[in-house]
**Student:** 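Please read through the structure below; I'll follow up with questions.
In the text below, chain A, chain B and the rest are named by the order of the sequence lines, each starting its count at 1. None of the values given here were measured: they were computed from a predicted structure.
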Number of protein chains: 2
Amino acid sequence: MSGSVGIVTTQFAEFDVELRLESGRLLGPLTLAYETYGELNADRSNVILVAHAWTGDAHAAGKNTPDDRKPGWWDDMIGPGKVLDTDRYFVLCSNVIGSCKGSTGPTSTNPRTGKPYNLTFPVLMVRDMVRAQKLLLDRLGIDSLLTVIGGSMGAMQALEWSILYPEMVRSIIPIAGTGRTSPMAIALNALARQAIFNDPLWKKGNYKPEHPPADGLALGRAVGHISFLSDVSMQLKFGRRFSARHGQFDFFGQFEIERYLDYNGASFVDRFDTNAFLYLAKALDLYDVAWNFESLEEALDQLRCPSLWFAFTSDWLYTPSQTEEVVTVLRKLGKPVAYHLIESDYGHDSFLVEPEKFTPKVVEFLQRLD
Amino acid sequence: MSGSVGIVTTQFAEFDVELRLESGRLLGPLTLAYETYGELNADRSNVILVAHAWTGDAHAAGKNTPDDRKPGWWDDMIGPGKVLDTDRYFVLCSNVIGSCKGSTGPTSTNPRTGKPYNLTFPVLMVRDMVRAQKLLLDRLGIDSLLTVIGGSMGAMQALEWSILYPEMVRSIIPIAGTGRTSPMAIALNALARQAIFNDPLWKKGNYKPEHPPADGLALGRAVGHISFLSDVSMQLKFGRRFSARHGQFDFFGQFEIERYLDYNGASFVDRFDTNAFLYLAKALDLYDVAWNFESLEEALDQLRCPSLWFAFTSDWLYTPSQTEEVVTVLRKLGKPVAYHLIESDYGHDSFLVEPEKFTPKVVEFLQRLD
């Protein structure tokens, strides 16, 4: 790892369009929040698009103010001399539509009513998020992407990019991804949803922003949190330690793992909107790369670029076998594909926790593309 | 499989005792609900104790009335000519204390106040449940158990029996068990707990029985349900099928797996008490066979009988490695131990769904004990 990209400012692009969604509904006008790192070269050929996960945002690297406690969510990866080297590449990250981090989502004002969309916001698919990102690239005059890289929901976006816009995409790097969300992942999201629906403060999505359904959202987040970890990582980090402040025989006494989930759930409420959380969960559930194609084969046959895939041994949410299902079809179709199963104990979160385990392969892959 | 044990009546034994619990608190008087199948032989040497799981009860086989829709929870296993052959064995199953199926638990009346215990009920450990069962065996004049068999929390009880009363226990058959509950299992129980705590109808345990915190309990049960299944079993049973009654782009539209969880959660509310669910979850979390011993080795060294262990490949709640941890120590201590890892796609629930995969080994094991 090397330097930081320093202080960056999140930018906002406005689009006076009506985007036709997979559902058939129209959404617009649109705002997209985005950040860029590094310089666009003369022939605009050095662009790397970073796609974020469920609760991520456009702020992938650097700090927005000198006082920020933490840098962007993938600062380990992006900067001068880093894996996504901003001395060479122009790195772009935009917040997906449906989120609450500056892009149009359920908290945005519906121009037809002058009120927040809340549940009148349309159900989205990941494909819709990618179509919105395409508007941003058009606006910036970019018609070629050296790669699209991302983990989890970011991996889904990378794959969709290569299917929808094969003429623009020179490679993709999907990490901890899946070709279609499994019933296990859907079941876990269903728990998170129900936790929120059960909270009387949710009011069918019409809560006041200052009175969110905090208990429901915190519990929903805790469900997600567990699915991002693994049996082994919890064993290493918490074991069976009991909270020092509680007695083992107190009814409300907590193990350390419980306190951790509580703490993280509660702090999440301060940084994420409940309806956005629900809309993105729905988009994850609906994810199926074969959607509107005859088959998985037909969908993947759209892809024309090399792809580099990573899965993690302890990821029980988007299991290695799910990545392998896609990789196997790509190989059968004769597409250039590389796949690495990475030994890691950190579950689905491995792509954030142990990037050093896969980044050498990324660097090598990018150099061969140049 | 062969015949049924027919119509059985649940019996109740009252004990005018004060049981000293692991917490140091006293609990009494006690009631234990139990059922028996088959005949006790002359020298009282043909007793098999069946131990139930979290939400199980004393009604393991047969029907309580001719109109019952379903037989007891392990009817596949217990009856004339079946694995636990009631023509040969006297099979006994009792409801654990802390439950709500006839034995003393949080819904029972506290004799000191004349009101239900609710949260004044003491936090229990599995060891306490076994001590209470011992009272019942004493009452019935039984001082030798041919085997103690059970899955999940039943496996914990079997192991505790062999540690606490080695002079009484001639063998144990723990199925899908663990020597100590993992932080992953604790984390999942924490979600279930929080789902209930978040329900305003819970009222810190002081809900009226006719107005239970149904939404919270249903969600808590759904958490458990997911952890009893597996990725593969959900794939086989539900795949990504969307509910035929809902549109894919309806915000409240459900996948089949979601409807299933909803349905099961809601029906659970009619058959189980919320506080009992919480107390038993706590007992599961606190489970550690080494509790009050210096080490796992010292605990397991108490055991003097042969043990037969089963784990299931797709069980991600009490993983095979957890069973193997115990088996490895038992072998190191020179105890006679047999262990079988059973290939099954049905997760933790495999012991209920596919008993035929392990029962031949049980029959063989029991014949050698005779």
Side-chain angles (χ1 to χ4, degrees), chain A residues 21-25 119 121-123 180-184 186-191 193-195 197-200 205 215-216 218-219 222-223 225-226 229-231 234-235 237-240 247-258 260-262 265 278-279 282 285-286 288 316 319 321, chain B residues 21-25 119 121-123 125 180-184 186-188 190-191 193-195 197-200 205 215-216 218-219 222-223 225-226 229-231 234-235 237-240 247-258 260-262 265 278-279 282 285-286 288 316 319 321:
Chain A
L21 304 171
E22 289 296 326
S23 62
R25 287 183 61 183
L119 295 206
F121 197 77
V123 168
R180 51 185 165 195
T181 306
S182 72
M184 172 66 89
I186 294 170
L188 291 162
N189 284 349
L191 295 179
R193 254 191 293 280
Q194 197 60 51
F197 295 172
N198 282 358
D199 190 325
D215 292 344
L219 178 54
V223 176
H225 214 97
I226 289 176
L229 301 175
S230 78
D231 196 35
M234 289 193 215
Q235 201 67 258
K237 189 160 180 179
F238 307 104
R240 287 182 47 85
Q248 172 157 343
F249 294 105
D250 291 350
F251 183 83
F252 293 101
Q254 293 190 311
F255 285 85
E256 285 291 347
I257 175 70
E258 296 184 73
Y260 171 80
L261 289 171
D262 258 18
L278 291 170
Y279 273 90
K282 196 78 185 167
D285 289 353
L286 293 181
D288 182 351
W316 60 282
T319 59
S321 67
Chain B
L21 304 171
E22 289 296 325
S23 63
R25 288 183 60 183
L119 295 205
F121 196 78
V123 168
M125 293 188 80
R180 52 186 164 195
T181 306
S182 72
M184 172 66 89
I186 294 170
L188 291 162
L191 295 180
R193 257 191 289 283
Q194 198 60 51
F197 295 172
N198 282 358
D199 190 325
D215 292 344
L219 178 55
V223 176
H225 214 98
I226 289 176
L229 301 176
S230 79
D231 196 32
M234 289 192 215
Q235 200 69 257
K237 190 160 178 178
F238 307 104
R240 288 181 47 83
Q248 173 156 340
F249 294 105
D250 292 350
F251 183 83
F252 292 101
Q254 291 189 313
F255 284 85
E256 285 291 346
I257 176 70
E258 298 186 70
Y260 172 80
L261 291 170
D262 258 19
L278 291 168
Y279 272 91
K282 195 79 185 167
D285 289 352
L286 294 180
D288 182 352
W316 61 280
T319 59
S321 67

**Student:** Can you see which heavy atom on A:E258 is nearest to which on A:G253, and at what distance?
**Tutor:**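 Minimum heavy-atom separation between A:E258 and A:G253: OE2-O, 4.1 Å.
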**Student:** Please identify each residue that fulfils side-chain hydrogen bond (donor to acceptor under 3.5 Å, both in side chains) with A:N198, with sequence neighbours left out.
**Tutor:**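 side-chain hydrogen bond (donor to acceptor under 3.5 Å, both in side chains) check on A:N198 returns A:Q194.
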**Student:** Can you tell me which portion of B:D285 sits under 4.5 Å from chain A's heavy atoms? Options are side chain, backbone, both or neither.
**Tutor:**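 Interface part for B:D285: both.
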**Student:** So, do B:F252 and A:F197 have ring centers that fall under 6.0 Å from each other?
**Tutor:**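 When the ring centroids of B:F252 and A:F197 are compared, they turn out to be within the sub-6.0 Å range.
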**Student:** Rounded to the nearest 0.5 Å, what separation is found between the CH2 atom of B:W316 and the OG atom of A:S230?
**Tutor:**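 Separation between the atoms: 12.0 Å.
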**Student:** Please determine, among B:L188, B:T319, B:L191, B:D250, the option with the most heavy-atom pairs under 4.5 Å with chain A.
**Tutor:**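 Answer, by heavy-atom pair count under 4.5 Å with chain A: B:L191.
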**Student:** Using heavy-atom distances under 4.5 Å, tell me whether A:L119 contacts chain B through its side chain, its backbone, both, or neither.
**Tutor:**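 Just its side chain gets close to chain B.
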**Student:** Taking B:R193, B:Q248, B:Q235, B:R25 one by one, which has the highest count of heavy-atom pairs under 4.5 Å against chain A?
**Tutor:**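 Looking at each of B:R193, B:Q248, B:Q235, B:R25 in turn, B:Q248 comes out on top.
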**Student:** Could you tell me which non-hydrogen atom of A:I257 sits nearest to which non-hydrogen atom of B:A187, and how far apart they are?
**Tutor:**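 What the structure gives for the nearest pair is CG1-CB, 3.8 Å.
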**Student:** Could you check which of B:L261, B:I186, B:L229, B:D288 has the highest count of heavy-atom pairs closer than 4.5 Å to chain A?
**Tutor:**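 If we count pairs closer than 4.5 Å to chain A, B:I186 comes out on top.
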**Student:** Check whether B:P200 gets within reach of chain A through its side chain, its backbone, both or neither, counting any heavy atom under 4.5 Å.
**Tutor:**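 Contact with chain A: side chain only.
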**Student:** Who wins among B:F121, B:F255, B:Y260, B:F238 for the most heavy-atom pairs under 4.5 Å with chain A?
**Tutor:**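 Most heavy-atom pairs under 4.5 Å with chain A: B:F255.
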**Student:** Just jot down the salt bridge (charged side-chain N to carboxylate O under 4.0 Å, His left out) partners of B:D215, sequence neighbours excluded, or say none.
**Tutor:**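 B:D215 satisfies salt bridge (charged side-chain N to carboxylate O under 4.0 Å, His left out) with no residue once adjacent residues are dropped.
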**Student:** Non-hydrogen atoms of chain A under 4.5 Å away: do they reach the side chain of B:S321, the backbone, both or neither?
**Tutor:**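 When you check distances to chain A, no heavy atom of B:S321 falls under 4.5 Å.
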**Student:** Measure distances from B:D199 to the heavy atoms of chain A and classify the residue's part below 4.5 Å as side chain, backbone, both or neither.
**Tutor:**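 For B:D199, neither part sits under 4.5 Å from chain A.
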**Student:** If only atom types and distance count, is the side chain of B:R240 paired as donor or acceptor with the main-chain N or O of A:T181 below 3.5 Å?
**Tutor:**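 At least one qualifying donor-acceptor pair exists.
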**Student:** If we define contacts as heavy-atom pairs under 4.5 Å, which of B:K237, B:E22, B:M184, B:H225 has the most with chain A?
**Tutor:**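 Heavy-atom pairs under 4.5 Å are most numerous for B:M184.
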